[in-house]
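Just so it is clear, the structure is predicted and the values come from calculations on it, not from any experiment. All heavy atoms count here, side chains included; hydrogens, waters and symmetry mates do not.
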Amino acid sequence: MSKNRDIIEEIESKKIRSGYSSKYGYSSRIDQIDTFVEKLEKSISEEDGELLRYLPLAIVATAETFFRYSYQEIIDKGEPYFSNAVHYMKEQGNVKFDIEYLIALQGKKVSVGEIFSHLFKVNNLNDVNTTLSRILGIKFLDSLKKINYSDSIVLRINSRKFKLHFSKYIESVQRIFEYRHILAHEYAFNLSLNRTQLIQDYKNFRFFLSASDYFIEKKIGTYAPEYQQGMNRYARNKYKKSQAELNKLMKQVRRIISVSETILVGNKRLFNKSFKDWERFRENYSNSFAELFKGGTMAPLIYWSCMDRQTKYFIDNLRDEYSIELKKLF
């Protein structure tokens, strides 16, 4: 990686401008573009020509951000995606991690997934298809066409049309990417944009993004049902998995402390007390957020999601604190 670019600073600046640190900001951006498109559909003004030129710029910028966050999510999920991404990144050129990147990773300012996703190209559909195919280990577009969308209340209504006319959707995506490139880099005074066609292309692109999101989450095991009861159950099951992981780790740490109470591992009695204190903190902390939705159907989702998040934080901290001793005994 060239020192001429401060990749860490670029990533941090993007986060600040975005207001989001994950792909889920894309749905809010899509809502804004939808409002704009609705106005275009109702308008009959001859002055809409310049406004039409904005649409490809907006949807491609949204798509680029969405796919970069998706790359990050996939890579940070772990194996085999991490290794796939490393192999693919190596093919892009002579990749070296300078000390600045190692410091940023150690300080948890950024993740490997963030760095890689920031560097992967998202200039056109071929870039997206190639990158997702390589890091997921599948043929992305082929898989997108074949997957069953029945789990999604939103997508399953139009999934048959999407599969039946898949090539038309892909043509729309490619056309929008092409328009964006032209409009961003040329005067393009003579580029003619058909209002009806462009709006339909946008709607097809929009569905393509939603389908991609669904496919990726199903593939890496992060998909949550869209109905509230399902989301609540999903959040609780995620917490139960994290808790099981913590229980296993706690047995290992207690064994380490039992073998030798030293300055490196602490005192077992006080360690157990601190753990009980942390469990009370986790419970109260999670309830402090769930209480805002008391009596509502979202309360369990908020509670279990917070419990899961705090449990994972604690697991990471324990592994960092006892990393050397864990390697010795296990």
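Every residue two or more places apart in sequence or in another chain was checked for a salt bridge (Lys or Arg N to Asp or Glu O under 4.0 Å) with Lys139, and none qualifies. For His87, there are no ring-ring contact (aromatic ring centres under 6.0 Å, His included) partners two or more places apart in sequence or in a different chain. Residues satisfying the side chain to side chain contact (heavy atoms under 4.5 Å, CB included) test with Thr297, not counting sequence neighbours, are Gln228. Residues passing the side chain to side chain contact (heavy atoms under 4.5 Å, CB included) test with Gln310, sequence neighbours excluded: Phe281, Arg282, Tyr285, Cys306, Tyr313. Not counting sequence neighbours, Ser305 has no partner by the side-chain hydrogen bond (donor to acceptor under 3.5 Å, both in side chains) test. In this view, Tyr149 and Tyr214 satisfy the ring-ring contact (aromatic ring centres under 6.0 Å, His included) rule, not counting sequence neighbours. Residues that satisfy the ring-ring contact (aromatic ring centres under 6.0 Å, His included) test with Phe67, not counting sequence neighbours, are absent from this structure. Residues passing the salt bridge (Lys or Arg N to Asp or Glu O under 4.0 Å) test with Asp127, sequence neighbours excluded: none. Asp277 pairs by the salt bridge (Lys or Arg N to Asp or Glu O under 4.0 Å) definition with Lys273, Arg280, not counting sequence neighbours.
Between Arg254 and Asn272 the shortest side-chain heavy-atom distance falls below 4.5 Å. Between Met250 and Leu318 there is a side-chain heavy-atom pair separated by less than 4.5 Å. Using a 4.5 Å heavy-atom cutoff, the side chains of Tyr88 and Asn84 are not in contact.
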Practice task
Go through the steps for Tyr169 and Asp201 under the test side chain to side chain donor-acceptor pair (under 3.5 Å), then give the verdict.
Solution key: CA-CA 8 Å; Tyr169 282 80; Asp201 283 343; over 6 Å; no
Review point. Should Glu41 and Arg195 be marked as a salt bridge (Lys or Arg N to Asp or Glu O under 4.0 Å) after you check the CA-CA gap, both sets of side-chain angles, and the distance that decides it?
Key: CA-CA 8 Å; Glu41 287 183 298; Arg195 180 198 302 256; over 6 Å; no
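Side-chain contact, Asp76 with Tyr71: no donor N or O sits under 3.5 Å from an acceptor N or O. Side-chain N/O atoms of Arg29 and Gln32 include a donor and acceptor closer than 3.5 Å. Side-chain atoms of Arg156 and Asn148 include no donor-acceptor pair closer than 3.5 Å. Between the side chains of Glu321 and Asn317, no donor-acceptor pair of N or O atoms lies under 3.5 Å. Between the side chains of Thr131 and Lys121, no donor-acceptor pair of N or O atoms lies under 3.5 Å.
Under a 3.5 Å cut-off, the side chain of Asn194 and the backbone N or O of Gln197 do form a donor-acceptor pair. Listed for the Ser83 side chain is no donor-acceptor partner under 3.5 Å among the backbone atoms of Glu79. Remark: side-chain polar atoms of Thr65 are paired, donor with acceptor, to backbone N or O of Ala61 under 3.5 angstrom.
With salt bridges taken as basic N to acidic carboxylate O contacts below 4.0 Å, none links Asp308 and Lys241.
Using bins of under 30°, 30° to 60° and over 60° for the plane-to-plane angle, the ring pair His185/His181 lands in the tilted bin. Using the six-membered ring where Trp is involved, Trp278 and Phe314 have ring planes that are parallel, under 30° apart on the 30 and 60° scheme.
Phe189 shares a hydrophobic cluster with Tyr187; the chain of contacts runs through ILVMFWY side chains whose heavy atoms sit under 4.5 Å apart. Chaining together hydrophobic side chains whose heavy atoms lie under 4.5 Å apart leaves Leu164 on its own. Grouping Ile, Leu, Val, Met, Phe, Trp and Tyr by side-chain contacts under 4.5 Å, direct or through others, puts Tyr303 with Tyr239, Trp304, Met307.
Among all heavy-atom pairs drawn from Ile75 and Phe116, the shortest one is CD1-CB, 3.8 Å.
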